[in-house]
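No hydrogens, no waters, no symmetry mates; every other heavy atom, side chains included, goes into these values. Lettering follows sequence order; numbering is per chain, from 1.
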Amino acid sequence: MRLAYTEEEEEFRARLRTWLADVLPTLPPRPDPLDWQARRTYDMDWQRRLYDAGYAGLHWPKDAGGQGATPTQHLIFLEETEAAGAPYVGAGFVGLLHAGPTIAAEGSPRQRARWLPPILRGEEVWCQGFSEPDAGSDLARLRTRAVRDGDTYVVTGSKIWTSHAEVADWCELLVRTDPEAPRHHGITWLALPMDTPGVTVRPLRTLAGSHEFAEVFLDEVRVPVDNRVGAENDGWRVTMVTLSFERGTAFVGEVVACRRTLRLLARRARHNGRWDDAAVRRRLGRLNAEFSALWRLIQWNVSEAAHGLRQGGTGVPGAGGSVFKLRYSQARQELYDAAAAVLGPAALDLAEEWALERLSSLSYTIAAGTSQIQHNIVAERILGLPKGR
Amino acid sequence: MRLAYTEEEEEFRARLRTWLADVLPTLPPRPDPLDWQARRTYDMDWQRRLYDAGYAGLHWPKDAGGQGATPTQHLIFLEETEAAGAPYVGAGFVGLLHAGPTIAAEGSPRQRARWLPPILRGEEVWCQGFSEPDAGSDLARLRTRAVRDGDTYVVTGSKIWTSHAEVADWCELLVRTDPEAPRHHGITWLALPMDTPGVTVRPLRTLAGSHEFAEVFLDEVRVPVDNRVGAENDGWRVTMVTLSFERGTAFVGEVVACRRTLRLLARRARHNGRWDDAAVRRRLGRLNAEFSALWRLIQWNVSEAAHGLRQGGTGVPGAGGSVFKLRYSQARQELYDAAAAVLGPAALDLAEEWALERLSSLSYTIAAGTSQIQHNIVAERILGLPKGR
Amino acid sequence: MDFRLTEDQRALRDGMRQLLRARFDREALRDTVDGAAVGSGAAAVDGAAVGGDAAGTALDSGLWRELGQAGLFALRAPQSAGGVGLGLPEAVLLFEEAGRALLPGPLVASHLAGSAGLVAGAEDGTAVVTAVEGTGPYGGPTPPVEHLAAADAVLVLDEGHTVRVLSPGELAARPMRSLDPLTPLHRVHGRRESDSPGARAAGGSGREQAVGAGVLLREAVLLTAALQLGSACRTLEMAVGYARQREQFGRPVGAFQAVQHLCAGMLVRSETARSVVYAAAVTVDEEEISAAKLLADTAAVGNARDCLQVHGGVGFTWEADVHLHLKRAWLRAEQWRTAVTSEERLASALLCPI
Amino acid sequence: MDFRLTEDQRALRDGMRQLLRARFDREALRDTVDGAAVGSGAAAVDGAAVGGDAAGTALDSGLWRELGQAGLFALRAPQSAGGVGLGLPEAVLLFEEAGRALLPGPLVASHLAGSAGLVAGAEDGTAVVTAVEGTGPYGGPTPPVEHLAAADAVLVLDEGHTVRVLSPGELAARPMRSLDPLTPLHRVHGRRESDSPGARAAGGSGREQAVGAGVLLREAVLLTAALQLGSACRTLEMAVGYARQREQFGRPVGAFQAVQHLCAGMLVRSETARSVVYAAAVTVDEEEISAAKLLADTAAVGNARDCLQVHGGVGFTWEADVHLHLKRAWLRAEQWRTAVTSEERLASALLCPI
């Protein structure tokens, strides 16, 4: 139990802070959230600056062009960039955190050479084609079909919840190549160029009124077999490898932001008089405890991941990841409910940032495995309870 | 929607109030809760007074010796006796509310003549032998065996959670007569004289430190076949008939008592300063709403039962019963948690009545069908969701 | 004592349900949302303050007149005054149906004005009436005013005062970017002094009777609770319907205990709320009305959230109706007596001698 | 930064677990309960005020000395003073084990006295030390004092003052019917003036060093949180063990989603609490200690309740251990900083500049 950072880690932090202080004032103005092209340009510009400064692919292995940083350095990076108000990874998300690491781990040398450098340099945008309308938590229902025709796959189906599809160059796509195979067998991983004929992108509006996601329709889309990463029907395993690259750091920035929000909320309450209500005040106090604990839980998960890596393991966060996810999705919703209690009638005004974020927070108990599924995972895989039916 | 009581109902209430005002001051002092014999005597004395005043078996049919009162009159009776601080049914509970009504509905003329009058006159005490250590919510696991030997059944097994077993004359017993039959088939209803050789009663201590319950061990106990009510292997149906006799009134007295407790708690909080804490105050305010609603829910359930009876139905509360049970068991626990918040350190002192009742309240989400089972019942039987697995 | 609805009450409720099915079905609802969303969708993202009103009113005046003809607004006006002559219990049943259908518009204020004869034309739906509440729960700002741009008159309801009726132009108000796409909202700052022709006393339209705001406030709270109750019932139906039909892991999700228990909990919330909402309609008891609003708010918000959870990703889309219920439920929880106020009142009541 | 336990820390924890397994297993626990219950069982029902103490102390002085020999009390005293010379993180690990085993006794006060050298004999378990806290969360009565009759000395810890050490006889106190059968409690009314020999200054046993109560109070809060954490982990284990073995409807109840989700929720509670309890042991930060106590209280109480629910009727019996955990958890939630105090402090901290 050593919460202090090592000298090396503190040096990394100091260097990063200096760089951020230099670079942030030189950034162009933030783009209009509705202008996808401008967002892409802005995010890729930021990625290029990271690349030039030696921060691109921080957690990627060195042989893939990354920096081979430890999970703790990655934690520090995410903490400091969020605290400094630096741009978020944005359009680079899928490339840097999912598709890239997958290709780095499972791709052929040619595939790595083709796809990885443009991700790191901020030249190509990837999106993710995993979810389908009918396959929520249940991958057995993944129905996008790929039929082999010579040296191409002919793909037909549809994907949902795809971010940045409008401006992506590539899509990491899961398709069903063996319709007879049970559950997650018979699935294959393909890299689909988004300008292939037959690909249609339709924005998907969320309840928050935003268009952060899209649906992608695939009508006899031809994808070269060369674009397949890993073996045919082995796509599920290939995909799972990706997860190891988060190493417990997935929500670092968000938790830092939540803690800042909490302090701002307390000030707002002080200002509008709700602070005098003991119930409101104590609710904020309890949330302070929640988010302190969640921050420590992240540090713990990162420590375990780092240890696992040193031992030659994958660094996939085990128990801690699901525990964190369950508690955090709950706490985040409670945070924005508390925000509404502080705001009062102003919570009905979407011009209030927190009113809008309250709406977005509703997805947290659903996305990336509903809380129901997460509970099942914890019960069966961690606690060893008999398989539920 | 007519919440006012009819003239006839108000007359019934007025007559009852007058009688209670006359009789309550003449009662002997309350017995020591540890002295079972004294409790029996006290409870049976009260029952005899009810009998003499024409209130015995209020909700029993007239042809069984009861008063044939409507569910609404029964509601009024329970409300008024609780409000006046009259004795609770106590040792008469099983006879008057379960065994008696079962015999009235399913017994032969001889059985009715033998068993019903002593119940109404407060002469014989019944206890209930349904639950078993291994058969909680799942009756398929009921294992007390009865083997036919001429004109007797030979019964071996054990029962748990039996109230008043120490002073009971009779036990309404569910036994398994067909071990091959599935689930609730193959069960038979027997009236067991508690002084039969082979019957052993052992007090069962609850977490509240009380001995309200006992275990009953049966070692080759011989019960005459004449004591069987209903057909062999038909005991489950026979037993279910009993439930209809509560007609939504099961918790009337308790809800009246909870509402009184809530007012007393508010006064206590006012007195010890916790009332100044908005969070404590509003918690009590919300509980006030909860119990107002629960009271209305009872009235509704009773209205439905009365209507069902008038239509020639059973008067079994349907949806309303499970909804009430789920909400009430939760609200009762919240009430005593709020009591602990008001009491502060005094909640650690069992000399405080509420501290002890807080412990007892823990059984409410477990007894008579856990909240989990109740949720299932509501989901499947009322909402028509597919059978869970 | 008989809690059940009378046959007349059932018939009235069924009639309203049929009317709404015919005139405001799901397609009409979504058309209204799409109409309103042109402005508010953009407003939610870019910087311009464009309220739903500016993008075209969400109110269908034809439908409003039909509701008037069906007696929704004049329901409690005496027959001698051209009203239907029914009571609060009947009004509660109709408002429950309106809540179920997510009917937009200042229903509560228009009903109060129409039934108490405060604004000419309110009773038959030719005039649309909205309202301003008194101070908020912390003595702070009043809740926003809904449908101000579409309104012909504004009731001012302040506890302890008589009702005042203003014309919308008399209010100094700024449009908000309303959370609820079907309910344009304005933040009220005060009276506009420049062009104010002075507040008309309660009992406009010629009649001079002064009405205390207290009675109308209580009724507004109760009717809002009824709207919430209807919404809670509807989201339960939506959740159950979806759980029956959506399959995962080879069976309907409704066969999973976790989903079953969410749905059962929703029924418990709505039926508990119903018992006290209906009772409060009969007793018109101040304490019971607070209980009704508190539990109906909890049921509407809780059920909408659980309905969203049962729907999973689908529930998070704009195309699903769940969010419309949740947003309206959040809005109504801030209107006409918040939880803070209700709980405080219910707490104080515990100290009163019985 | 490395959050994981060191090998030494693991060994220390395992050693404590083994010691407790050998010297205070389930049988010993139940024997202690049966011994204490003679009085409190009767007390719970009849009118006589018989505390656990009157019926014989629940403290096993042999065990207490063994704990002393194992270093539990002198753990943080410097080696130069005959102590073990370890820190709060190690103390937290040992207290977690004590909480898991439901070890009775004034562990926190004895550890504080032994590690700070405040009472001679505390360090090796020959003296038993209990404590009185300052005012309660509303400025009201202090929490009750535990194991007063078995104690040789009483620490008085009042924020902003130095520690005082009294002999038990100096306190005017009345026995309570303790909720927890293993923890006799007294309500303190004040100092007994008649036979009071005056309070000895902190630093009894010859040494004169004055110790501020603030530091010890913080440590008491943290160590109590560790006890709660251990209890929360134990009730989780009990629930999982029972759910695996108990069958209903033809399969283990642990195969039902409803039970699975209860258990998963318990793990989430205990692991979240653990992260902040361990961190607070390292930082000894006032704010983080409040968070640790708050979340550990919630975990201990919540897990005990859910454990009871998983056990069903069996959990409601005296023979099951669940209730012992729940009662101790409730007691500890009232001791050494209640939720009200923690939440208020954590709220105030939000307003401090970073």
Side-chain angles (χ1 to χ4, degrees), chain B residues 1-6 9 72 75-76 262-263 265-267 270 275 278 280-304 306-307 319-320 322-324 326-327 330 371-372 374-380 382-389, chain C residues 1-6 9 89-90 92-93 236 239-240 243-244 251-252 254-257 259-283 287-288 290-295 298 339-340 342-352 354:
Chain B
M1 262 194 273
R2 187 171 45 72
L3 294 182
Y5 292 87
T6 62
E9 286 160 353
T72 306
L75 167 79
I76 292 169
L262 198 51
R263 302 179 75 89
L265 265 179
R267 278 169 175 65
R270 214 9 206 251
W275 189 257
V280 168
R281 211 165 53 225
R282 295 218 291 268
R283 193 167 167 184
L284 297 179
R286 184 169 280 268
L287 281 166
N288 188 4
E290 283 292 327
F291 282 99
S292 298
L294 286 166
W295 178 251
R296 296 306 189 184
L297 209 45
I298 284 179
Q299 288 186 316
W300 200 334
N301 288 340
V302 166
S303 296
E304 294 287 354
H307 176 73
S322 295
V323 166
F324 176 86
L326 274 169
R327 187 82 171 215
Q330 181 75 27
S371 291
Q372 280 72 31
Q374 296 285 345
H375 273 108
N376 274 24
I377 291 173
V378 168
E380 292 169 14
I382 303 175
L383 296 177
L385 286 172
K387 187 127 185 64
R389 285 181 295 177
Chain C
M1 194 270 303
D2 188 356
F3 214 112
R4 294 167 321 114
L5 304 190
T6 62
Q9 287 171 334
E90 287 75 20
V92 156
L93 293 175
L236 167 59
V240 168
R244 279 213 198 98
R251 54 188 163 126
F256 290 91
Q257 256 192 340
V259 174
Q260 291 190 332
H261 289 201
L262 277 177
C263 292
M266 291 168 78
L267 182 75
V268 170
R269 278 197 211 103
S270 61
E271 293 312 298
T272 312
R274 185 192 306 282
S275 74
V276 68
V277 170
Y278 285 11
V282 174
T283 63
E287 185 180 339
E288 193 148 35
S290 280
K293 179 63 163 44
L294 184 62
L295 297 190
T298 306
V340 169
S342 293
E343 286 170 358
E344 288 287 4
R345 289 184 182 216
L346 285 157
S348 300
L350 287 172
L351 291 173
C352 298
I354 314 182

Can you tell which part of [X] gets under 4.5 Å to a heavy atom of chain B, answering side chain, backbone, both or neither?
X      : value
C/Q9   : side chain
C/R345 : neither
C/L262 : neither
C/A281 : neither
C/L351 : both

Quick check on [X] against chain C: is it the side chain, the backbone, both or neither that has a heavy atom closer than 4.5 Å?
X      : value
B/L75  : side chain
B/R2   : both
B/Q299 : both
B/W275 : side chain
B/Q372 : both

Separation between [atom1] of [X] and [atom2] of [Y], rounded to the nearest 0.5 Å:
X      : Y      : atom1 : atom2 : answer
B/Q330 : C/T272 : CD    : OG1   : 11.0 Å
C/T298 : B/E290 : OG1   : CD    : 8.0 Å
C/Q257 : B/N376 : CD    : CG    : 4.5 Å
B/S292 : C/L346 : OG    : CG    : 6.5 Å
B/M1   : C/L5   : CE    : CG    : 5.0 Å
B/I382 : C/C263 : CD1   : SG    : 12.5 Å

Go through the steps to decide whether C/V282 and B/R296 satisfy the test side chain to side chain contact (heavy atoms under 4.5 Å, CB included), and finish with yes or no.
-> CA-CA 12 Å; C/V282 174; B/R296 296 306 189 184; over 6 Å; no

Taking all atoms of both residues into account, what is the closest heavy-atom pair of [X] and [Y], and its distance?
X      : Y      : value
C/G254 : B/L385 : O-CB, 3.8 Å
B/H375 : C/G265 : CD2-N, 4.0 Å
C/S275 : B/A293 : OG-O, 3.0 Å

Top contributor to chain B interface from C/A264, C/A291, C/S342 [non-hydrogen pairs under 4.5 Å] = C/A264

Sole residue of B/R283, B/R286, B/R281 in salt bridge (charged side-chain N to carboxylate O under 4.0 Å, His left out) with C/E344 | B/R281

Please check if the side chain of C/E287 supplies one atom and the backbone of B/A289 the other of a donor-acceptor pair under 3.5 Å.
-> no

Looking only at atom types and distance, does a side-chain atom of B/R263 sit under 3.5 Å from a main-chain N or O of C/C352, one as donor and one as acceptor?
-> yes

When you look at B/L265 and C/L350, which way does the side chain to side chain contact (heavy atoms under 4.5 Å, CB included) test go after all the steps?
-> CA-CA 9 Å; B/L265 265 179; C/L350 287 172; over 6 Å; no

Check the surroundings of atom CZ in C/R244: do more than 12 heavy atoms from other residues, nucleotides or ligands lie under 6.0 Å from it?
-> yes

Partner of C/F3 by ring-ring contact (aromatic ring centres under 6.0 Å, His included), out of B/Y5, B/W300, B/W295 | B/W300

Evaluation steps, side chain to side chain contact (heavy atoms under 4.5 Å, CB included), between B/T6 and C/M1 = CA-CA 6 Å; B/T6 62; C/M1 194 270 303; over 6 Å; no

